[in-house]
Amino acid sequence: MNYARIDGTIVAAACHPSMAGARTVICQPLDSEGCDEGAPILAVDPLGAGLHQRVILSTDGSATRQLVNDPKTPLRNLIIGIVDGGQPERAK
């Protein structure tokens with residue numbers, strides 16, 4: 001699993017059949033400090049994360065293959081959680 005930021009969405013005129021109807025987003029991997037780490041990657045987003053939201057990203061291709069129901073999909077990465085941007089309140 002990786003921590004990433006949504007930097008955009010992908011719209012394609014032609015794509016693999018397994019990608020039809022799947023929202024594909026551009027994710028910028030982040031390090032533990034929240035700084036960019038490495039090159040952007042594509043991921044399927046079944047959760048509807050917004051632009052610049054931070055997400056938890058699974059790189060387990062089997063979960064993505066199950067989601068799109070295609071064992072030969074070119075998709076590998078999957079958004080599995082949206083990180084809450086709020087700060088936790090301190091107990092009094």
Side-chain angles (χ1 to χ4, degrees):
M1 285 191 281
N2 294 321
Y3 185 52
R5 178 185 65 240
I6 304 295
D7 279 353
T9 57
I10 298 295
V11 178
C15 62
H16 189 273
S18 68
M19 296 174 70
R23 181 171 187 251
T24 306
V25 294
I26 302 168
C27 297
Q28 174 59 56
L30 303 172
D31 64 15
S32 61
E33 301 295 320
C35 297
D36 293 3
E37 179 177 62
I41 57 176
L42 300 181
V44 177
D45 179 18
L47 304 179
L51 188 61
H52 303 300
Q53 275 193 302
R54 294 173 190 250
V55 295
I56 305 289
L57 178 72
S58 171
T59 57
D60 174 23
S62 65
T64 306
R65 288 189 296 275
Q66 284 182 336
L67 178 75
V68 299
N69 199 25
D70 187 340
K72 297 189 186 261
T73 185
L75 301 169
R76 177 181 173 94
N77 305 304
L78 175 67
I79 304 295
I80 59 171
I82 299 174
V83 178
D84 181 10
Q87 296 294 323
E89 287 189 38
R90 291 186 157 188
K92 295 182 180 183

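Each residue takes its place number in the sequence, starting with 1. Everything quoted here is computed from the prediction, not taken from an experiment.
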Verify, without hydrogens or angle tests, whether [X] (side chain) and [Y] (backbone) share a donor-acceptor contact under 3.5 angstrom.
X: Q28; Y: G38; result: yes
X: R76; Y: T59; result: yes
X: S18; Y: T73; result: no
X: D45; Y: V25; result: no
X: Q53; Y: G50; result: yes

Once rounded to the nearest 0.5 Å, what's the spacing between atom [atom1] of [X] and atom [atom2] of [Y]?
X: I26; Y: L51; atom1: CD1; atom2: CG; answer: 9.5 Å
X: H52; Y: R5; atom1: NE2; atom2: CZ; answer: 7.5 Å
X: C27; Y: I6; atom1: SG; atom2: CD1; answer: 4.0 Å
X: D31; Y: D36; atom1: CG; atom2: CG; answer: 8.5 Å
X: N77; Y: I41; atom1: CG; atom2: CD1; answer: 4.0 Å

Kindly indicate, with the supporting measurements, whether the criterion side-chain contact (heavy atoms from CB on, under 4.5 Å) is fulfilled by E37 and L30. CA-CA 5 Å; E37 179 177 62; L30 303 172; 5.9 Å; no
Is there a side-chain contact between [X] and [Y] (heavy atoms, below 4.5 Å)?
X: L47; Y: R23; value: no
X: L67; Y: V44; value: yes
X: L78; Y: P46; value: yes
X: M19; Y: V68; value: no

Are L42 and M1 connected in a single hydrophobic cluster, I mean Ile/Leu/Val/Met/Phe/Trp/Tyr linked by side-chain heavy atoms less than 4.5 Å apart? no
Evaluate the criterion side-chain contact (heavy atoms from CB on, under 4.5 Å) for residue pair I79 and L57; output intermediate values, then yes/no. CA-CA 5 Å; I79 304 295; L57 178 72; 3.8 Å; yes
State whether a side-chain donor-acceptor pair under 3.5 Å links D60 with S62. yes
Taking D84 first and then R54, would you say they form a salt bridge - that is, a charged N and a carboxylate O separated by under 4.0 Å? no
Identify the two heavy atoms, one from H16 and one from K72, that lie closest to each other, and give their separation to 0.1 Å.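 Reported closest heavy-atom pair: NE2-O, 3.7 Å.
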